[in-house]
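Taking it in order: structure first as structure tokens, then the write-up.
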Amino acid sequence: RAGTMLRTGIRLLALALCVSAGGDFDWTKNEKTSFYYGTFPTGFSWGVGSSAYQTEGAWNTDGKGMSIWDVFAHKKGKISSNETGDSSCEGYYKFKDDINLMKEMKLSHYRFSVSWPRILPSGLRSEHVNEKGIRYYSDLIDLLLDSKITPVVTLYHWDLPQVLQEKYGGWQNASMVGYFNEFANLCFERFGNRVKLWITFNNPWSISVEGYETGEHAPGLRTRGSGAYKAAHHIIKAHAKVWHTYDMKWRSKQKGLIGISLTADWGEPVDVSNQRDVEAAERYIHFYLGWFATPLFHGDYPAVMKEYIGRKSGQQGLGASRLPVFSPQEKSYVRGTVDFLGLGHYTTRYVTQKNYPSGFGDSYFADRDLAELVDPKWPDPGSEWLYSVPWGFRRLLNFVKAQYGNPMIYVTENGVSEKMLCTDLCDDWRMQYFREYINELLKAVRDGVNVKGYTAWSLLDGFEWDEGFSERFGLYFVDFRNKNKPRFPKASVQFYKRIISSNGFPSQREVESWKRKAVETCSSSNQLLAADPLIGHMEMVTEIVVPTVCTLCILLSAVFFMFLLRRRL
Ligand code: NOJ
């Protein structure tokens with residue numbers, strides 16, 4: 001009993017320390033400083049990303065089962081121009097070409113996802129393992145490793161087996177926790193000897209809100225105000241279960257890390273001197289990132305979510321909060337199950353307080369009591385929602401550092417799309433976006449945020465979910481009208497490649513010192529080279545001069561002898 005009390009005490013103390021660490025984030029300190037010249041720490045990992053449904057195509061090939069996205073995209077009116085990911089970039093057939101593109105860019109890692117129904121067509125391991133699907137991922141991993149590119153593998157990038165949706169209601173149902181664990185376990189068993197960085201879920205916010213609240217994404221449900229919270233609850237538990245399985249069964253042999261990829265916009269108070277705006281911005285971030293990060297780092301939902309959703313559920317006459325509750329055992333089960341945090345980030349919003357009266361109806365959005373605004377001056381080169389606000393990236397990274405005890409972070413997604421068909425391939429705005437966002441990342445690293453790698457989104461133009469192929473995020477342009485789906489580099493390929501080769505944006509001083517070092521190495525190698533003429537000279541002395549002089553001497557002596565003999569005669 002004393003031991004339990006002590007442990008609880010230590011936990012509470014740790015939690016208090018963590019929460020107070022959250023106070024470290026200074027809302028008033030938004031330094032929109034000028035460009036920072038400098039480089040990333042040695043070993044910083046540069047990569048690109050993709051996901052199965054967005055790029056693979058081969059939707060019904062080699063024994064693959066249906067996913068919720070196959071079914072959703074085939075329904076009329078769900079996707080812009082009724083496009084589907086049936087063939088997409090044909091990545092399933094062209095992965096060797098794609099790895100060559102990555103090799104040329106000198107990338108250190110490639111993030112891709114495993115399609116669950118490609119390897120488990122009905123979702124269940126007990127029913128059938130599709131060996132052809134396994135072979136595809138296995139070959140992909142092998143070739144990446146041969147090419148010195150580290151595979152970063154996402155287990156769930158939204159393509160749930162359709163059978164699990166139909167039979168159980170997908171993430172609404174607690175049984176998904178066990179099924180996902182079986183699928184993950186199969187991946188560890190077959191690929192874990194070669195994969196060291198695992199991401200359980202990609203962007204669970206989107207799975208929950210767009211899949212179960214607004215219905216813009218598969219499975220297209222509109223269970224306003226409750227389904228999203230339920231789905232998220234099961235996803236958090238599923239993540240934790242996989243982390244524990246890996247920890248108990250695989251970690252000691254395979255020595256990998258298990259993370260999750262959370263995507264979040266930054267929320268900046270409209271007026272930082274107004275406490276209500278600051279609180280609204282805090283809520284915005286807690287309802288976005290904190291919804292998942294706080295249970296995984298601290299063991300429970302953010303206090304502000306519990307308070308707001310609880311109060312509003314009461315006002316709506318519900319007996320219990322629409323936000324599910326973690327039991328004490330569950331709290332300790334989910335807490336601390338992140339070896340690294342994957343962070344996806346694209347854009348920022350200004351946030352201010354706005355009351356949603358209870359008669360407004362249940363909704364995730366109404367629960368937050370806030371309004372989002374944008375500055376009309378912010379560039380918006382691509383998707384409607386994507387404004388380029390680089391400083392928000394540094395703010396978000398510093399918030400994570402303060403709130404979650406400076407965890408190890410991999411940026412798992414960052415990039416920008418283009419609205420129009422960029423056929424001239426001169427994507428200046430993308431280069432500008434990368435330059436500025438990566439620069440803010442560099443500033444965050446200098447602030448002490450523990451970031452180990454950056455993943456540009458994405459390698460190729462792909463199927464952009466409900467937007468179909470109309471929004472292109474790729475570094476490579478894909479001609480989707482041509483059935484061979486040829487790839488063409490946009491200008492940003494060379495640009496990103498330069499950032500990679502110089503590991504950031506070297507300052508004039510760094511460049512000078514590199515030059516000096518290069519000159520020194522050159523001059524020492526010049527000395528080596530200079531040794532060659534010297535050797536040549538020696539050789540000339542021994543091989544030409546000496547024999548010539550000797551021959552001349554002999555000749556002269558002979559002439560001299562002859563002369564003497566003549567005189568005697
Ligand atoms: C996040 C998603 O994970 C990815 O699939 C998508 O392409 C990007 N956002 C851009 O919208």
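All ligand and atom numbering here is 1-based and tracks the order in the structure.
- When the options E467, E464, E413 are ranked by their closest heavy atom to atom 7 (O) of ligand 1, first place goes to E464.
- The pair E464-R472 fails the salt-bridge criterion, with no side-chain N (NZ, NE, NH1 or NH2) lying under 4.0 Å from an Asp/Glu carboxylate O.
- Between F183 and F180, the ring planes are tilted. Angles from 30° to 60° get that label.
- Taking a 4.0 Å cut-off on heavy atoms, H157 registers as neighbouring ligand 1.
- Residue, atom and distance of the protein heavy atom nearest to atom 8 (C) of ligand 1 are Y346 OH, 3.3 Å.
- Using a cutoff of 4.0 Å between basic side-chain nitrogens and carboxylate oxygens, R322 and D367 are scored as salt-bridged.
- For the ring pair (Phe, Tyr, Trp, His ring centres under 6.0 Å) with W69, the qualifying choice from H217, H157, H74 is H217, the only one to do so.
- Side-chain contact between L397 and L441: present, with at least one pair of heavy atoms (C-beta onward) separated by less than 4.5 Å.
- Atom numbering of ligand 1 starts at 1 in the shown order; those under 4.0 Å from a heavy atom of F473 are 10 (C), 11 (O).
- Listed by number with element, the atoms of ligand 1 under 4.0 angstrom from any heavy atom of W457 are 4 (C), 5 (O), 6 (C), 7 (O), 8 (C).
- Under a 4.0 Å heavy-atom criterion, W385 is in contact with ligand 1.
- Each of the following atoms of ligand 1 lies closer than 4.0 Å to a heavy atom of W465: 4 (C), 5 (O), 6 (C), 7 (O).
- Between K490 and D461, at least one side-chain N (NZ, or NE/NH1/NH2) sits under 4.0 Å from a carboxylate O, which counts as a salt bridge.
- In this pair, F35 and F505 present their aromatic rings perpendicular. The plane angle is above 60°, beyond the 30 to 60° band.
- For the ligand labelled ligand 1, residue T263 lies outside the 4.0 Å heavy-atom shell.
- Here the protein heavy atom with the shortest distance to atom 5 (O) of ligand 1 is Q54 OE1, 2.8 Å.
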